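Everything on this sheet refers to the single structure shown next.
Please read these numbers as outputs of a predicted model, since none were measured by experiment. Residues: numbered from 1 along the sequence shown. We use all heavy atoms of the structure for the numbers below, so side chains are in, but hydrogens, waters and symmetry mates are not.
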Amino acid sequence: MDFLQIQNGAVVRENGEPIRLRGTNIGAWMNMENFMNGMPGSEHRMRETARQTLGEEMGSWFFTSMLSHFFTEQDVRYMKSLGMNFLRIPLNYRWFEDDMAPYVYKEEGFAMLDTALDWCEKYEVYAVLDLHAVQGWQSSDWHCDNSCRTALFWRMKDFQERYFALWKVLAARYKDRSVVAGYDIMNEPCTMNDYGRLPLIPYQARWKDMNAIYRRVTEEIRSVDPRHILIIEGDDYSRRFCGLEAPWDENLMISSHAYTTLFDHPEITSDQGKREYLRKEFLESEGYKYSTLHNVPLWVSEFSFLPDQVEVYEENNVHWTTWSLKGCDDFFLLSPKKERPYRTLTEPVARKALICMPEWGGEYNRTLREQLNNTADLLKKTVDYRRFDNAENPMFFMMTVGDVYYNNLLQYPYIELFQGMDREEIDAVMADFDTENCAINTELEDRFRKYCL
């Protein structure tokens with residue numbers, strides 16, 4: 001496979017031929033996410049709960065079994081059959097380094113990633129290494145394996161130095177692998193969340209800090225790897241780019257996330273109105289404006305694959321990957337079938353964890369959400385502060401209650417569902433994540449074929 005490079009604002013092969021990158025993420029594999037894996041709370045807290053409940057051996061086997069079925073060579077083969085040429089691999093730093101042994105790197109994580117890259121190489125699917133969860137957490141949310149709602153990365157030099165060192169190690173290891181399209185150096189940074197996600201307006205980005213971090217990590221990577229593309233995400237969950245410095249490296253592209261706000265506007269009912277809204281939303285986004293101002297490629301690395309969104313990206317020569325290939329709900333391309341053992345066994349607990357999404361959790365979550373909404377409103381009235389964002393306050397309050405307290409409690413009834421099972425029994429349940437045992441979202445499958453083949 002050719003090494004990919006940036007030339008004149010485009011991603012090109014070694015002969016200068018432009019290439020369009022289209023594909024998906026394999027979220028919830030080397031960085032597990034609760035609603036996707038069907039378990040409550042953060043991964044590192046869940047691993048400890050499993051160890052306490054199932055014991056060292058079986059607690060470890062539980063995760064080994066789940067992950068060995070969650071993503072396999074068959075998944076990459078399936079992606080290729082739909083025409084995809086691009087896979088983003090979200091990574092958790094804990095696969096490569098333990099907090100109690102900083103700067104001591106674990107071969108287990110590299111070996112697992114090497115296997116995935118071998119599969120990608122076999123089917124000629126380019127991969128991006130995405131550091132989805134960094135040391136100290138870059139945001140307050142679950143998707144960077146955070147269960148305390150504070151983002152310590154932005155305030156603690158030790159975490160930053162470990163982050164720089166890990167990227168240098170990753171770049172040194174993969175500098176000669178052309179299947180790696182580039183390095184997504186930090187997923188969804190959020191510099192305002194260092195003391196928790198609060199409903200305060202306006203958003204106050206710390207651009208000086210972010211730009212300094214990005215320049216330093218670029219220096220570390222370039223000291224060992226001069227060839228791979230560097231991918232930069234914006235602040236506030238990869239939505240803000242207005243304070244990002246002009247490109248400081250010739251081989252750089254940017255990545256934005258596009259979870260549309262269309263659904264907040266039920267008054268827009270016509271297909272034409274929806275298309276116009278999505279087009280306007282994209283053309284006014286800070287990621288698009290930055291890419292056009294500085295002539296750097298834009299990659300929308302996460303979105304929900306609405307067809308009108310893809311049409312806009314295709315019109316504007318934007319690279320894209322959907323979120324995500326596989327997970328425990330029907331809106332993913334592949335999902336464990338509802339009638340099979342894993343979903344039958346775990347959903348009564350897993351659904352309770354999604355208190356921010358009552359349409360998933362049923363009547364129980366609707367009732368709990370209503371009560372928490374009332375509490376959030378009471379807190380707002382009690383604080384009585386002019387900078388309160390009334391729309392976001394209930395959501396942030398429920399996320400804090402859910403991530404810090406409620407979901408951690410739910411981990412115990414979840415893991416106890418597997419208590420008493422032996423290795424073979426656990427493995428039989430986890431086999432529901434195998435591609436051949438998954439339900440296929442045929443609507444999404446048809447969209448991939450339309451745009452990728």
Tell me, please, which residues at least two apart from [X] pass salt bridge (charged side-chain N to carboxylate O under 4.0 Å, His left out).
X	value
E43	R47
R340	D432
E56	R51
E188	none

*Check side chain to side chain donor-acceptor pair (under 3.5 Å) between Y174 and all other residues, then give those that pass, not counting sequence neighbours.*
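Result, side chain to side chain donor-acceptor pair (under 3.5 Å) vs Y174: D114.
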
_Going by the rule side chain to side chain donor-acceptor pair (under 3.5 Å), which residues pair with D184 if we only count those two or more places apart in sequence or in a different chain?_
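Only R88 meet the side chain to side chain donor-acceptor pair (under 3.5 Å) criterion with D184.
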
*Do we get R22 above F86's six-membered ring, with its NZ or CZ under 6.0 Å from the centre and within 45° of the axis?*
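So R22 doesn't make the cation-pi contact.
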
side-chain contact (heavy atoms from CB on, under 4.5 Å) against [X], all qualifying residues, sequence neighbours excluded:
X	answer
T400	R149, V404
A10	V12
A350	none

Donor-acceptor pairs under 3.5 angstrom involving side-chain atoms of residues 416-424: please list them, not counting sequence neighbours.
residue	atom	partner	partner atom	Å
Q419	NE2	T53	O	3.3
D422	OD1	E424	N	3.2
D422	OD1	E425	N	2.8

*asked:* I need the single residue from N251, L4, D176 that forms a side-chain contact (heavy atoms from CB on, under 4.5 Å) with R227. Which is it?
replied: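 Of N251, L4, D176, side-chain contact (heavy atoms from CB on, under 4.5 Å) with R227 is met by D176 alone.
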
*Under the ring-ring contact (aromatic ring centres under 6.0 Å, His included) rule, collect the residues that match up with Y203, sequence neighbours excluded.*
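Y203 satisfies ring-ring contact (aromatic ring centres under 6.0 Å, His included) with no residue once adjacent residues are dropped.
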
Distance-only donor-acceptor hits, side chain of residues 189-202, under 3.5 Å, sequence neighbours excluded:
residue	atom	partner	partner atom	Å
T191	OG1	R206	N	3.0
T191	OG1	D235	OD2	2.6
N193	ND2	S140	OG	3.2
N193	ND2	Y237	OH	2.6
D194	OD2	R155	NE	2.5
D194	OD2	R155	NH2	2.8
D194	OD2	R206	NH1	2.7
R197	NH1	D141	OD2	2.7

Could you tell me whether [X] and [Y] have a side-chain N and a carboxylate O separated by less than 4.0 Å?
X	Y	answer
D118	R177	yes
E107	R173	yes
E286	R239	no
K122	E73	yes

*With side-chain hydrogen bond (donor to acceptor under 3.5 Å, both in side chains) as the test, would you mind laying out the steps for S65 and D427 before giving the verdict?*
CA-CA 6 Å; S65 178; D427 206 52; 2.7 Å; yes

*Which heavy atom in Q411 sits nearest to a heavy atom in M46, and how many Å separate them?*
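Looking at all heavy atoms of both residues, the closest pair is NE2-N, 3.4 Å.
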
*Name the orientation class of the two ring planes belonging to W142 and F35 (parallel below 30°, tilted from 30 to 60°, perpendicular beyond 60°).*
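Correct class here is perpendicular.
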
